[in-house]
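Below you'll find the structure, written out as C-alpha cells, and then a few comments.
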Amino acid sequence: MSEQPLFKVTIDNITIEVPAGTTILNAARKIGGDVAPPAMCYYSKLQGSGGKCRTCLVEVSKGSEKDPRPMPKLVASCRTTVMDGMEVKNITSPKVLDARAGVVEFLLLNHPLDCPVCDQAGECHLQDLSYEHGKEGTRYEFQRRTFKKHNIGPYIQLHMTRCILCYRCVFVADQLTAKREHGILDRGDHSEIATMIEKSLESDFIGNVIDVCPVGALTDKTFRFKNRVWFLKPMDAHRDCPTCSGKVTLWNRGDEVFRVTARKDEWGEVENTEDGKPAWICNTCRFEKKQTSDWVIEGPRMISRQSVISQGHYAGNIGMHKPNETFSAVHGGRQPKLMMDIHTASEVNKPNIELSLINGPAHSTDFNSKKD
Amino acid sequence: MGVKLLLEKAHVEGIRSYEVYRREGGYRSVEKAIKTMGPEAIVEEVKKSGLRGRGGAGFPAGMKWSFIAKPEGVPRHLVCNADESEPGTFKDRYLMEFIPHLLIEGLIVSSFALGSNNTYIYIRGEYAWIVDILEQAIGEAKANGFLGKNILGSGFDCEIHVQRGAGAYICGEETALIESLEGKRGNPRIKPPFPAIQGVWQRPTVVNNVETLAAVVPIINMGGEEYAKIGVGKSTGTKLMSACGNINKPGVYEIDMTISVEEFIYSDEYCGGIANGKRLKACIPGGSSVPILPANLLLKTAKGETRYMNYESLSDGGFATGSMMGSGGFIVLDEDQCVVKNTYTFARFYRHESCGQCSPCREGTGWMEKLLYRLEKGQGKSSDIDLLWDIQRKIEGNTICPLGDAAAWPVAAAIRHFRDEFEWHVTHAAEAQTRNFGLAHYADPIHVPTTV
C-alpha cells in the first residue's frame with residue numbers, strides 16, 4: 001500500500017491529521033463529540049450514500065493552504081473531502097446552526113411524530129436529531145402527507161409516513177442483494193419507497209435495510225409491537241452461519257430473544273468484522289433464530305450511557321440480572337387491582353381529604369406538606 | 001433592426017431540409033472547422049467570442065469546454081441539453097423546430113472540438129414531434145458526409161443520438177440529465193465531481209444548451225473576435241428571448257443585447273407593447289426561476305439608469321433590486337395580474353418538479369405552496385408572509401442542485417417587491433377574492449423598495 005499523504009484539517013478550532021481523500025464528516029468523527037455533524041442519510045459502509053439530508057452541512061471558512069478562499073455555500077460534509085489546511089466550522093458557525101435548524105424542521109414537517117407507537121423509538125436517529133437541534137412546536141399548519149400502504153412481505157414493515165427518503169435502503173439493496181426490488185417511486189414530496197407492483201422483499205440480505213433505516217420507516221415485522229427497545233438487553237452473540245458472519249446483537253428480555261440485529265457502532269452503523277468488512281447479517285440469522293440456544297452468547301453489549309437503552313440495565317456496569325417477570329414482583333407484591341388505592345397509599349395526599357369532593361381546584365394546603 | 005445570427009435564415013422556405021440549408025450557406029462552419037482549424041483552435045475561438053451559456057446560469061462556454069478532462073483511452077461526450085422546461089422559455093423549441101440543421105451543425109463542430117464521437121441530444125419528452133425533425137436532419141447530415149465515419153476525410157467519427165426525456169423539469173439540471181441519459185432516475189448528482197471530469201458513464205462530459213451550441217456556428221463562421229463585437233461588455237453575441245404574457249406580440253426574438261428593456265417591451269419590432277392598452281405591472285425577465293421585478297425597477301435600475309437587455313444590466317443591483325437574464329423566458333404581467341397567484345403558480349410547479357432527494361427542497365417547496373395557496377384564497381395570516389420568507393431563506397443555497405434556489409428566488413422576490421400586495425390579501429381577504437390589487441405604486445418612478 002502506498003503511503004497516503006496526511007492532510008491537516010481544523011474543525012471547530014481542533015486540528016487533526018487525516019489521510020487525503022477523507023471526508024470532512026469522517027475527519028470530524030475522528031475528533032468525535034459535538035464536533036461530528038449529525039448524518040441522517042450518509043452511511044460510511046454504503047457506497048454513494050450521503051449528500052441528501054443536508055443535516056451535515058458545514059461552513060468551510062478556508063478552502064486549503066493553497067487556495068484559502070472560503071467556500072461560497074455551506075457544504076455537505078459527508079461528501080466533501082478535506083484539503084490540506086482546510087478550516088471548517090461546524091457548531092462554531094451560526095450559519096450552520098441556522099441551516100441545520102431549518103433542515104430539522106423540514107425533516108419533521110411531514111413526519112407523523114408517532115414515536116409512542118413506533119418500534120424505532122429509543123434508537124431513532126431522527127429522534128436524537130430533534131432532541132439536539134429541533135424546536136418545540138411546529139410552524140406547519142397543514143395536514144401531514146400520507147401514503148397508500150404497501151405490504152412488502154413477511155419480514156419488513158414499511159411505514160412510508162415516517163420515511164425521510166435517505167435512500168440508504170436503496171443502496172443496501174443495490175450493494176448487498178442480487179437484484180433490487182424496491183426503490184423510490186414518483187418524485188418530490190410525493191416520492192415514496194415501494195416495490196413496483198406489490199412485491200415482497202425476500203432477498204437473503206434485504207433485512208439489513210432495517211438496520212440502516214435511520215427512522216422507523218423500515219422495521220422488523222417479527223419484532224413489531226413486541227417490546228420497547230429500552231426494556232430489552234442487548235447482548236453480543238454469534239453463530240456459525242453459512243451465509244453471513246453470524247456476528248449479531250441479540251435483544252433479550254430474560255432468556256427470550258425478541259429480535260436480532262447487526263452490531264452497531266457509536267454512529268449507528270454496522271460494525272466491521274475482523275477482516276474489515278461490514279458485518280451485515282442474513283435474513284436467517286435476523287428473523288429465524290429467535291432461540292437463545294441458537295446462539296453463543298459473548299456478553300452484554302456496551303451501549304452509550306446517553307442512550308435510553310442503557311438505562312437501568314447496567315447499574316453495576318457489567319453483569320446480567322434477570323428482570324422481575326410478573327407485575328406483582330415488579331411492584332413489590334402489590335396486585336394490579338390494588339393500584340386503585342393510589343389515593344390512600346400515596347404519601348402526597350392527605351388520606352382524610354377526598355380530592356374529588358372539595359369545592360374548587362385543589363390547593364397546596366389540600367396535600368401533605370413537605371416532610372423534613 | 002438588430003443583428004440576427006441564429007434565426008436569420010429560419011424563415012427561408014424549406015430551411016428544414018438539408019438542400020435548402022446547405023444552399024443558404026449551411027455547414028460552412030463544419031468545413032472550416034474540420035479542414036482549417038484544430039480542436040484547440042475552435043475552443044480558443046469560442047473562448048475569444050465570450051459566448052456565455054444560454055441555459056440560464058450564463059457560464060462562459062469556452063471556459064467550460066477547456067475544463068474537460070482528457071484522460072488517455074477514455075471516450076468523451078458532448079450532451080446537448082434540449083430539456084427546455086423552464087416555464088416561460090420556449091426558444092430552443094423554436095430553434096430546433098424551424099432550423100434543426102443549425103443545431104446539428106453546431107453539434108458537429110463542438111463534438112470535433114471536444115473529441116466526442118458519440119454526442120447526445122437530450123430532449124424533453126413533450127417535444128415529441130421535434131425528435132422526428134431532429135432525426136431527419138441527422139439522417140440528412142449523415143447522408144451528406146457530415147456525420148458518421150471519417151467526416152470530410154478528417155478521420156473524425158461522430159454520431160448524434162437523440163434521447164427523449166420523460167417529462168421531468170429536474171432533468172434539465174445537467175447532472176440529473178446525465179443520470180436520466182444513463183437510464184437511471186433523474187436525480188441530480190452531488191458535485192464535485194463535475195461532469196467535465198466524470199459525466200455520462202463516468203466519462204468526461206460537456207453539457208450545453210441548444211442555443212449555446214447553435215451559436216458556435218456563427219462564431220466559427222465569423223471568428224470569435226467579430227462575434228464578441230456584437231453585444232455589450234460580457235454579454236456578447238445575440239440572445240434568443242421567448243416573450244410571453246400580456247404583450248401584443250408574444251414569440252421568440254433574437255436580440256443583440258444592446259436594446260433597453262423598455263424598447264424590447266414597447267417597440268413594434270419586438271413585443272409591441274402591453275396587450276389591450278393596459279399598463280405594465282411586473283415582469284419576470286428570464287424564466288420562472290429568476291426574481292420578479294416591478295415595472296419601475298424593470299425599466300430603470302435602482303440608481304435610475306436605463307436597464308438593458310443583457311446579463312449585466314438585468315442583474316444590476318443584485319437580488320435586492322435586480323434580476324437575472326436566466327434562460328430568456330420573458331414573462332410580462334399587466335396591471336390585472338395578481339402577483340400572489342403568480343407566485344403560487346410557480347411554487348406549485350416547483351413542488352411538483354422537485355426530485356425529492358434533499359430535504360429542504362422536498363419539504364420546503366410543498367410548504368411554500370400550501371402557504372401561498374392559503375394566502376391566495378384569502379385564508380392567510382400576516383405571519384405567513386414572514387414564514388414564507390424564512391422558508392425560502394432556509395432552502396436557498398442548502399440544496400444539492402439549483403432547483404432549490406430556483407424555487408426560493410421567485411417567492412423571495414415577490415415578497416421583497418410586492419409585500420403590500422401579499423399583506424392586502426390578508427387584510428382585505430374578502431375583497432382579494434373579487435378583484436386584483438391592481439397596479440398600485442409599482443410603476444411609480446424610482447421607488448426603492450425596502451429589502452427585508
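Because the structure is predicted, anything quoted here is derived from the model rather than measured. Below, chains carry the letters A, B, ... as their sequence lines are ordered, and counting in each starts from 1. Because only heavy atoms are used, hydrogens play no part in the values below, and waters and symmetry mates are left out as well, while side chains stay in.
Ranked by heavy-atom pairs shorter than 4.5 Å toward chain B, the options Lys73(A), Arg79(A), Arg139(A), Met40(A) are led by Arg139(A). Ranked by non-hydrogen atom pairs under 4.5 Å with chain B, the options Val75(A), Ile184(A), Asp186(A) are led by Ile184(A).
Using a 4.0 Å cut-off between a side-chain N of Lys or Arg and a carboxylate O of Asp or Glu, Lys381(B) and Glu141(A) qualify as a salt bridge.
Nearest heavy-atom pair, Gly50(A) versus Ile190(B), reported as atom, atom and distance to 0.1 Å: O-CD1, 3.2 Å.
Residue Arg374(B) touches chain A through its side chain alone, counting heavy-atom pairs closer than 4.5 Å. Residue contact with chain B, scored on non-hydrogen atoms closer than 4.5 Å, involves the backbone and the side chain of Asp98(A) alike. With a 4.5 angstrom heavy-atom cutoff, Leu371(B) touches chain A via backbone and side-chain atoms both. The contact between Leu109(A) and chain B is made entirely by side chain atoms (from C-beta outward), counting heavy-atom distances below 4.5 Å.
Environment of CG in Asp114(A): crowded, with over 12 heavy atoms of neighbouring residues, nucleotides or ligands closer than 6.0 Å. Crowding of Met83(A) atom CE: a count of heavy atoms from other residues, nucleotides or ligands under 6.0 Å not exceeding 12. Applying the 6.0 Å contact sphere to NZ of Lys184(B) captures more than 12 heavy atoms from other residues, nucleotides or ligands. Within a 6.0 Å sphere centred on NZ of Lys191(B), heavy atoms belonging to other residues, nucleotides or ligands number more than 12. When the shell of 6.0 Å around OH of Tyr373(B) is examined, it contains 12 or fewer heavy atoms from other residues, nucleotides or ligands.
Residues of residues 168-179 of chain A lying under 4.5 angstrom from chain B, judged on non-hydrogen atoms, do not exist. Contacts with chain B (heavy atom to heavy atom, under 4.5 Å) involve these residues of residues 51-65 of chain A, listed by number: Gly51(A), Lys52(A), Cys53(A), Arg54(A), Leu57(A). Contacts between residues 348-370 of chain B and chain A, counted as heavy-atom pairs separated by less than 4.5 Å, involve Arg351(B), His352(B), Glu353(B), Ser354(B), Cys355(B), Gly356(B), Gln357(B), Cys358(B), Ser359(B), Pro360(B), Arg362(B), Glu363(B), Gly364(B), Gly366(B), Trp367(B), Lys370(B). Inspection of non-hydrogen atoms places Asp405(B) of residues 404-412 of chain B under 4.5 Å from chain A.
Side chains of Tyr167(A) and Arg185(B): a donor on one and an acceptor on the other come within 3.5 Å.
In this structure, CG on Asn398(B) lies 8.5 Å from CZ on Phe106(A), to the nearest 0.5 angstrom.
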